[in-house]
Structures are given as structure tokens and as C-alpha cells.
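Structure first, commentary second.
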Number of protein chains: 2
Amino acid sequence: MAETARGTESRYGNRPTMKDVAARAGVGLKTVSRVVNGESGVTPDTERRVQEAIEALGFRRNDSARVLRKGRTASIGLVLEDLADPFYGPLSRAVEEVARAHGALLINGSSAEDPDREQELALALCARRVDGLVVIPAGDDHRYLEPEIKAGVATVFVDRPAGRIDADTVLSDNYGGARDGVAHLIAHGHRRIGFIGDQPRIHTAAERLRGYRAAMEDAGLPVDEAWESLGTTDAQRVRAAAEAMLSGPAPVTAVFAGNNRVTVTVVRVLAGLSRPVALVGFDDFELADLLQPGVSVIAQDAAALGRTAAERLFRRLDGGQDAAPERIELATRLITRGSGELPPAE
Amino acid sequence: MAETARGTESRYGNRPTMKDVAARAGVGLKTVSRVVNGESGVTPDTERRVQEAIEALGFRRNDSARVLRKGRTASIGLVLEDLADPFYGPLSRAVEEVARAHGALLINGSSAEDPDREQELALALCARRVDGLVVIPAGDDHRYLEPEIKAGVATVFVDRPAGRIDADTVLSDNYGGARDGVAHLIAHGHRRIGFIGDQPRIHTAAERLRGYRAAMEDAGLPVDEAWESLGTTDAQRVRAAAEAMLSGPAPVTAVFAGNNRVTVTVVRVLAGLSRPVALVGFDDFELADLLQPGVSVIAQDAAALGRTAAERLFRRLDGGQDAAPERIELATRLITRGSGELPPAE
DNA sequence: TCCCGCGCTGACAACGTTGTCTAGGCTCTA
DNA sequence: TAGAGCCTAGACAACGTTGTCAGCGCGGGA
């Protein structure tokens, strides 16, 4: 009843299937399947009839059903922290390009730095039966992924290592990069250097702090507790942290910023100061060269991280399921633009 | 034969199914389904047995099969130009957030500004039977999506309108924004103003050019053909275009930049000049306030674009399939930071 | 002429899940 | 205590596709 006036061939959610195409073309179901998939063994005449029926009905193969039958989904999942973060854009794009080259689609989601949300997202992707997973961890316990990995979901962790499981990992040399950056400041005469970073539970933040301390220790410099500030990277906290270490009787003369969000806020704080303060930031960012002075940075290649991880993933999918987990570390590089070369202003 | 030494319960790609769980728990298939979906009508004792079997086997529901049976995939597709572009990051994230609020996942892909790739991507998403599609068009003919839309794929176009079909669209006021920006320059005394924009086949570029011309005409100013330059937004071309209009006997004294990529390159060119040249750019970008002078911009709210589009999409999915296509236009706003307020230097 | 083989085609089962329907055991009431 | 009704549970079909296999018609070799 309540038949609406819609055409009979295009009721919402009632798409034509191969069965419909077969009926219209007067052929068998399997023949349609063969035509759709470009398989051989179909007479040109039959093929033409099927093609016409496909056109006429607006048929499009249902890949959900195909996936169910074939077992592989030709899609991979990406769990990252925040798609809107300029660091993850290129990374995500690089993963997408590799996926595309392998004929796979990319499904992604943001964890918003929340371990529960990361887990929820990763497992939802597994339920969709993605062939593989690229994860930028928010949490530090990934045992929940063990059954999935065992079941064949190729999984690669990027930017931060997996927690409590052994898995493929692609990282930047956070420790070495930070050490180099701080050493650079020391080489320009600084003795009192501040470090402002992300929350210590985040691996990259911890590693960069370790690099900072190593550089200080290598130079035989003491580290005042007041010079180290780790926490969220929202502007308010970073601003307060910067202002604190830049005031008092023995303020820092240089700052090492733990990531691009921190750097940007620190630049703003320094812009309001009358005396010059040296700065090196972890992560490069657009326009860093146009600021005055240009901001010296430890650059990591986000696209390379993504590309390397995705390639590793597909290598595993293309027959290397049994390879031992690998840990790949990419080098960082110091880019000097002026801010890191300022001498200490006493 | 060739039985490998893997455990029997975890052969690759041989995940446990509800049938396995049912067998292990000694219950029927449907009972497992009920437990997994939290349906009522299962004794606590039975439920416990099923849960134990699920845990023991590491079972996870296969959403592919579920989708096939239920008809809805709880996922939407996003086709954009480039995930790595800082303008699309927040847009993408906003779409994701709305999708998440509706329990849907986001599948996305970049068209790289190639119409063929856009089509390929959009149709691949339709084959996956996404419930809806958010498209940032690269091409100007979207008739290929007509059968899909008719079949119930809720589709919303963002940032640029659909070509040759009638569909929901969410746009910024590109024409008005550009007109305001150029009028701002005129109000500060400029007479010779250059426009550098994206390729004219891209709707936003054409609209912004139209706004530029309107502002000039409103002020009774002539437009020299040499002041208008449209084309790709790679640094090389933009640099050449800027240098051309800034030289010669009657160089422009101000530039209106058609999007954020153009603006950045123009800023670099102007930084190498001795005389001040006024600049207003379309699109806000990070650190625009920290440059010297700060860059005045026409800001559009990328997140609002994405959010509005996604909300429109879900409203359509939640019962409004038959609503007439709507065109929503979001206002832009002028942010003055200095570069747009420079007087003409003759 | 007969038989074999090959090229094309379609019937059928299976992928893993959910909706429908029915069976069986229990409680409650008259 | 019998019958009605409810609650739990399972059998079965269906979603749309692909892999397997068997059948049919035709040509060529013995």
C-alpha cells in the first residue's frame, strides 16, 4: 500500500542488482558478474547486451557483497590524532597516495589524543575488516589489537611506538633531533635553556625531553626544574609556561619548543618581548622563514613517515605476513633561519 | 596438506564467526547475534556463556556482512582536493566530527584537482555503498552522480557548486568576500590593484575574480588586463605573475591574492621588495598576524563549511530524502592586520 | 559417423550477518 | 489443573556477490 509516485526502477535504497541486470539482458547471473569484472569467456554480443542493461538500470556493483565473498576489502584504516593538525595533513595524504597505488581506499578518524577513542576507532575499523591499519597512538597500551593482528590485520604504528605489543613502527629520531637542536643553542652561547613540550605520557614528548637533557648534560650544564615544562599544548598553558621561565631573577635566554603548536605560541610570546630570546622548534612549519627572525627548526618529514609506514603495511599484505616486526627510525634535520643563532642577551 | 604450524584458532584471514562462537557456547547462531547486538531476550546465564566464547575466540563482528544484510553502511565519503592542504584539514575534521556524532565513519580521498580522479573516487565510494557523499568538486560536470543520488546516496557539494545537476551545496560568499577585500584596498587609496588567482575553471577562482572586477567597477576604476592573472597556484607561476604586475611603467600598488597558497607566495615576493605593496588575501592562515606587516585577509570558516555540509547530509539521511536541493552560502569576514592598510607607494 | 575437447553459459552454494517465524517451557489465572 | 500468554531460543531465508562445476553446442580428428 502507500505506493508513492516514484518510478519503479529507482525507489530509494532499492538499487538494481546483478540479478536485475541478468533478467533484463536475458542472461544468467554469473554472466553479468563476468562482464562487470572484465573476465574472459563472454561473446562480444552477450557482453554488449549486458552492458546495455547495466547502463539502462544504472547498475553499480555492490562492493560490500563483493568484500564479504572475497575476504579482502581493499581498504586500510588510519587512526591519527587530529586531521586538522598541519603536521598530520601531509602524513595522511602520503598514506592515501600509497594506498591508492595499491588500489585501496583510506578510512580515517581522529582520536583527539584520547586513548579510549583511539581504541574505539581502531576496533571499528577492524570490524569493517580493513586489510590494514596505520595507527598514530594516543594511548600506551595496544594489547587490544593483538587478536586483530593475529587474525591478519597488517598494522603499523607511526610517529609513536606501540604500547605493550611488538609491532611494526616508524618513528622520527625524536631524541637525536631534540639533542641536536639544544646543542645548537648551546653552541651559540646559551646556558639557561628552557624546554616546553607536550604531555610526558606522549612518547615523542618524552623522547624530546630526554634529548634536551642529554644535550645539557653533554655540555656539562645544570638543568633547573623551572626550565622544563610539559603539558597540554593549548596556547594558554604554553604561554604561561613560557612567561614563567622568561621572568624571574635568572630567566632562560633560549627556548626549545617541543612541537609546532608550542613553537607558534612561543613565537607569539617572544614577539611581545623587548629583548631577543633564541628559539629552536621541533617540526618545521609554513612561513617559518618569513617571520623575523626566521624560526630555526628541527624538521621531520611527515610525508616520509606516512609513506614509509604505508609501504611497510602493503609489503606485509603482499605476502610478508610472517616477517618479524620492524622498527624504522627516520632522521631529522636542523634548519637554521636566525632564531636559533641569536646570542644570549643577559 | 602443507598445514603450517600456526594455531588452529588463529589462521590468518580465518577469523571466528558467530557460528564458531555459537558452537563453542553451545547455543544457536541467533542467540550470539542477540548478545553481540545487545538485544533483549537472553538469559544472563546464556549471555555469560556467549561472552566467554567471544572472549576466548577473539571474535569481532564482521560489519561487511552486517552492512550487506542491513542496507546501511554507517559511513560517509568525502572527496576533497588535497588532504594536505591546510584549508581542507579543518573542513575534513568538521565533517568527521558530525559523522561521529551520527555513529558513522568517514572514508576520504583526494582528487588532486583532477576531474577524472574525482569521478573515480566518488563512484568507488558509491560502490562501497556509503550512505552519503560530501564532495568538493574538481570537475564541472557531475551528471555521473545522478543515478547514485536517485538511488538514495545523500550528496552535498561544498566549497564549489555541482556542475550540471541540481544538488545540495554549501559555499562561502566568494564573490562578496573578494569584492569587500578589493574595496578595502581601494578605500586606502589604491587605484592599480592586481588579482592573482587559481585556474578560472575553478568556481571559487572565477567568483573571486568577479568580485574583484565588481569592486573596481563600483569605484569607477579601469582594470588593466595585465593586472589579472589566473592559473595554477604553484609557487613558480604565482611568483612570475606577481613579479610581472609589480614591474613595468605602471606597476600595481596592491595585490589581492585569490587563496592561501597564492597569498603565501605573494608574501614571499613582497618580502624581497624595497617599497611597500598592500596585500589582502582570500583565506586566513596561521601566523598571518605575526608577519610584518600582518597580512589582512578575507577569512572563510572552513570548519563551518564542513560542519554545515555534513549536517545537511545527515538531515537528508534522517528522513528528508525528498527535500528540495538547497544552496547555503556562508559569509566571509575581513580581518585587518596591516598589509591591507598600507597606502599606495608611488 | 562417433567421440573428444573446447568455448560459452548458467545453476548452485557459500561468504557472515540479521529478520521472521515457530517451538518449547514457564508462569499466571480461573 | 487446564489453558492462555509470555519469554527464551533456534531454524531458516535473505542480503548481492563470486567460485565451482556441469551442461550444451560445435568443430575437428580418427
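So that the names make sense, note that chain A is the first sequence line, chain B the second, and so on, each numbered from 1.
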Q | CG/A:Asp140: more than 12 non-hydrogen atoms of other groups inside 6.0 Å | A | no

Using whole Å, what does the distance between atom [atom2] of nucleotide [N] and atom [atom1] of [X] come to?
| X | N | atom1 | atom2 | result |
| --- | --- | --- | --- | --- |
| B:Arg49 | D:dT8 | CZ | C1' | 12 Å |
| B:Glu47 | D:dC7 | CD | P | 17 Å |
| B:Arg66 | D:dG16 | CZ | P | 17 Å |
| A:Arg15 | D:dT17 | CZ | C1' | 15 Å |
| B:Glu39 | C:dT17 | CD | P | 14 Å |

Q) Is it the case that A:Thr73 and A:Asp131 place a side-chain donor and acceptor less than 3.5 Å from each other? A) yes

Q: Any chance you could measure A:Arg327, atom CZ, to A:Leu171, atom CG, to the nearest 0.5 Å?
A: 5.0 Å

Q: Any chance you could list the contact pattern along nucleotides 10-15 of chain D? Use B for base contacts, S for sugar-phosphate-only contacts and - for none, protein heavy atoms under 4.0 Å, 5' to 3'.
A: BB-BBB

Base, sugar-phosphate alone, or nothing: which one does [X] contact when heavy atoms must sit under 4.0 Å apart?
| X | value |
| --- | --- |
| B:Val42 | sugar-phosphate |
| A:Thr43 | sugar-phosphate |
| B:Asp63 | nothing |

Q) By a strict heavy-atom criterion of less than 4.0 Å, which residues belonging to residues 124-132 of chain B are in contact with DNA chain D? A) none

Salt-bridge contact [X]-[Y] (side-chain N to carboxylate O under 4.0 Å):
| X | Y | result |
| --- | --- | --- |
| A:Arg315 | A:Glu311 | no |
| A:Arg100 | A:Glu96 | no |
| B:Glu97 | B:Arg93 | yes |

Q: Five pairs at each end of the helix from C:dT1-D:dA30 to C:dA30-D:dT1: take the axis at both ends and give me the angle between them to 10°.
A: 60°

Provide the closest heavy-atom pair for [X] versus [Y] in the form atom of the first, atom of the second, distance.
| X | Y | answer |
| --- | --- | --- |
| B:Ala138 | B:Glu118 | N-OE1, 2.6 Å |
| B:Val134 | B:Ala309 | CG1-CB, 4.4 Å |
| B:Val153 | B:Gly132 | CG1-CA, 4.1 Å |

Q: Indicate the ring-plane relationship of B:His102 and B:Phe314, choosing parallel, tilted or perpendicular according to the 30° and 60° boundaries.
A: parallel

Q: Tell me, with the steps shown, if A:Arg24 and A:Asp20 meet salt bridge (Lys or Arg N to Asp or Glu O under 4.0 Å).
A: CA-CA 6 Å; A:Arg24 171 148 188 153; A:Asp20 300 327; over 6 Å; no

